[in-house]
Colleague: 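Below is a structure I'd like to ask you about.
Atoms within a ligand are numbered from 1 in the order they appear, just like the ligands themselves.
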Amino acid sequence: MAVDLLLGLQWGDEGKGKIVDVLTQNYDIIARFQGGPNAGHTLVFDGNKYVLHTIPSGIFHKTALNVVGNGVVIDPVIFKKELENLDQHNIDYAGKLLISRKAHLILPTHRLLDAASETSKGKAKIGSTLKGIGPTYMDKTGRNGMRVGDLELDNWKEKYKALTEKHIKMLNFFDVDIQYDLDELEQEFCDGIEKLKSLQFIDSEAFLNNAMKEGKKILAEGAQGSLLDIDFGTYPFVTSSNTTAAGACTGLGVAPNRIKEVFGIFKAYTTRVGSGPFPTELFDEVGETMGKVGHEFGATTGRPRRCGWLDLVALKYAVEVNGVTQLMMMKGDVLSGFDTLKVCTAYKYKGEEITHLPYNIEPENVTPIYSEFKGWEADLTGMTDEKSMPENLVNYINFIEKETGVPIKIVSVGPDRKQTIVR
Ligand code: GDP
Ligand code: IMO
Ligand code: MG
């Protein structure tokens, strides 16, 4: 049995949560492989909206098991709030939510260090979600981190204290004013740990490989997007983990030859939240309309998302790096009503036309070259099958399929589970 993989192909918020929820009925296990509470995955069904940050998006289904893999970083404080939200809605997660012992913990001081680092950067800041992601992964690769498995040891508080003391010294290094009450933060952290300990800790790599041997079907859920990948994204304006396909292997302990389908999710246009280059970004009322109609506000921070046309140069790059086998196009409904749609098919770069993503995609280096398409008027949000799609939408889809060489298997026409057209 193999593992299928679902990931975002742009700068995040493509609609991963929605599609994982839709696909969960086909799987026994949903496993998150990287990122942490910087993610915000939105699910809408039965008139309710839920936002998940660390918990895999299969949690609302009765039978599927949900694994938080070793590649994930967990903030016990935020995790506790997520669990309490599920409690409030009477969602049963006991026995269905399993945590890797090798997942790293975000300490309160990691969050402080994130804030200090961003403040010290001034205008050059990354636009981090300030959830402590960068400092936690730095401690992981620096071999200083604390892991979930440490919580089963008697001396975990000593470890916590030693790491916190080190962080406080590091905070003093940044010449910025960050206010905090360490006792309060520690209390909150300990409360979070108690809640976390009510869940089952597992050796997730062994668990997943055994599950495969038993014929169980696994879907790996990504967070962030390919252009936020630490290696292949728009560095340094990226997150601190591998968001691309290879990250699923290291983030779950699943061998590369076990990966079967790679589902690549993209919006019919493009958004980005935080700093960093974005060649097709719009600063006019077209971009404003996309933001308004698409409700483009960050699910984690509430910040408005920057909007722009679909960038096929970047999309093809993401398809290649990930080995995408099936595409899923989200938020097509948001493009209804535009007379003309534009798709970036090449960049002007140093006086030449190029179709690959160069090292540097700052506005002073690349200018997008667009192909234009006729828009459609029809409201897509009530459509349930491919046959009712307007011709100009079909042309738009056909063009993307031809350019990427990958079929678009799902067209999403609204936030609800049901607003999903399977082709
Ligand atoms: P994720 O981080 O990739 O899971 O995506 P987010 O949840 O951060 O952002 C996607 C947003 O678009 C959420 O508000 C979803 O409810 C919403 N959404 C998902 N699919 C569609 C769609 O096809 N149409 C519209 N209009 N909204 C969608
Ligand atoms: P989901 O899973 C969109 C962005 C931040 C910032 C950069 C680094 O919901 O798609 P970090 O907090 O990781 O240090 O921030 O990455 N970012 C996201 N943007 N969706 C996300 O997750 C993101 N997670 C991080 O805005 O630019
Ligand atoms: Mg999101």
Colleague: Yes or no: does His53 have any heavy atom under 4.0 Å from an atom of ligand 1?
Modeller: no

Colleague: Which atoms of ligand 2 are found less than 4.0 Å from any heavy atom of Ala39?
Modeller: 1 (P), 2 (O), 9 (O), 22 (O)

Colleague: Is the shortest N/O to N/O distance between His41 and ligand 2 below 3.5 Å?
Modeller: yes

Colleague: Which heavy atom of the protein is the closest neighbour of atom 15 (C) of ligand 1, given with residue, atom name and distance?
Modeller: Thr42 CB, 3.9 Å

Colleague: Distance only, no hydrogens: is a donor on one side chain within 3.5 Å (strictly under) of an acceptor on the other, for His61 and Asp21?
Modeller: yes

Colleague: Measure the distance from atom 26 (N) of ligand 1 to every protein heavy atom, then report the residue, atom name and distance (to 0.1 Å) of the closest one.
Modeller: Asp333 OD2, 2.7 Å

Colleague: Restricting to N, O or S atoms of Asp13, which is nearest to the Mg ion (ligand 3)?
Modeller: OD1

Colleague: Heavy atom under 4.0 Å from ligand 1: found in Lys267's side chain, backbone, both, or neither?
Modeller: neither

Colleague: Report, in ascending order of atom number, the atoms of ligand 1 lying under 4.0 Å from any heavy atom of Lys18.
Modeller: 20 (N)

Colleague: Distance only, no hydrogens: is a donor on one side chain within 3.5 Å (strictly under) of an acceptor on the other, for Tyr347 and Asn365?
Modeller: no

Colleague: Establish, from distance only, whether the side-chain atoms of Lys166 and Thr109 form a donor-acceptor pair under 3.5 Å.
Modeller: no

Colleague: Geometry only, no angles: is Leu228 polar-contacting ligand 2 at N/O separations under 3.5 Å?
Modeller: no

Colleague: Answer with yes or no whether the side chains of Lys140 and Thr136 bring together a donor and an acceptor at under 3.5 Å.
Modeller: no

Colleague: Hydrogens and angles aside, do Asp13 and Thr271 bring a side-chain donor and acceptor to less than 3.5 Å of each other?
Modeller: no

Colleague: Using a 4.0 Å cut-off to any heavy atom of Ala223, which atoms of ligand 2 qualify?
Modeller: 2 (O)

Colleague: May I ask you to identify, for Phe237, whether its side chain, its backbone, both or neither come under 4.0 Å of ligand 2 on a heavy-atom basis?
Modeller: neither

Colleague: Using a 4.0 Å cutoff against the non-hydrogen atoms of Lys16, which atoms of ligand 2 qualify?
Modeller: 1 (P), 2 (O), 10 (O)

Colleague: Is the closest N or O pair between Glu14 and ligand 1 shorter than 3.5 Å?
Modeller: yes

Colleague: Quick one: does ligand 2 sit under 4.0 Å from the side chain of Lys131, the backbone, both or neither, non-hydrogen atoms only?
Modeller: neither

Colleague: Taking both backbone and side-chain atoms of Gln224, is any N or O found less than 3.5 Å from an N or O belonging to ligand 2?
Modeller: yes

Colleague: Should Gly40 be listed as contacting ligand 1, given a heavy-atom distance under 4.0 Å as the test?
Modeller: yes

Colleague: Going by an N to O cut-off under 4.0 Å, is there a salt bridge joining Arg423 and Glu386?
Modeller: yes

Colleague: With nothing but distance in play, are any N or O atoms of Gly15 less than 3.5 Å from an N or O of ligand 1?
Modeller: yes

Colleague: Using only heavy-atom distances, determine whether the side chains of Trp376 and Ser336 contain a donor-acceptor pair under 3.5 Å.
Modeller: yes

Colleague: Which of the atoms in ligand 2, numbered in the order shown and given with their element, are less than 4.0 Å from a heavy-atom of Gly127?
Modeller: 5 (C), 6 (C), 26 (O), 27 (O)

Colleague: Taking atom types as modelled, is there a side-chain donor on Thr42 or Lys18 under 3.5 Å from an acceptor on the other?
Modeller: no

Colleague: Go through it in stages, so that I can follow the logic: the residues are Glu296 and Lys331, the test is salt bridge (Lys or Arg N to Asp or Glu O under 4.0 Å), and I'd like the CA-CA distance, side-chain angles, deciding distance and then a yes or no.
Modeller: CA-CA 11 Å; Glu296 295 295 357; Lys331 302 190 97 159; 3.0 Å; yes

Colleague: Looking only at the side chains, is there a donor atom on one of Tyr93 and Asp87 sitting less than 3.5 Å from an acceptor on the other?
Modeller: yes

Colleague: Is the cationic atom of Arg272 (NZ for Lys, CZ for Arg) positioned less than 6.0 Å from the six-membered ring centroid of Phe278 and within 45 degrees of its normal?
Modeller: no

Colleague: Say whether Ile133, considering both its backbone and side-chain N or O atoms, lies within less than 3.5 Å of an N or O atom on ligand 2.
Modeller: no

Colleague: Quiz question: by atom type and distance under 3.5 Å, do the side chains of Asn242 and Gln34 form a donor-acceptor pair?
Modeller: no

Colleague: Using a distance threshold of 2.8 Å, state whether an N, O or S atom of Gly298 lies below it from the Mg ion (ligand 3).
Modeller: no

Colleague: Which protein non-hydrogen atom lies closest to atom 16 (O) of ligand 1, naming both residue and atom, and how far is it?
Modeller: Pro415 CB, 3.4 Å

Colleague: Would you please say whether a donor-acceptor pair under 3.5 Å links the side chains of Asp139 and His110?
Modeller: yes

Colleague: Is any N or O atom of Gly17, backbone or side chain, closer than 3.5 Å to an N or O atom of ligand 1?
Modeller: yes

Colleague: Which bit of Val413 gets closer than 4.0 Å to ligand 1, counting heavy atoms only: side chain, backbone, both or neither?
Modeller: backbone

Colleague: What I want to know is whether Asp114 and ligand 2 share at least one N or O pair that is separated by under 3.5 angstrom.
Modeller: no

Colleague: Where on Val238 is there a heavy atom closer than 4.0 Å to ligand 2, on the side chain, on the backbone, on both, or on neither?
Modeller: backbone

Colleague: Tell me whether Gly414 has any N or O atom under 3.5 angstrom from an N or O of ligand 1.
Modeller: yes

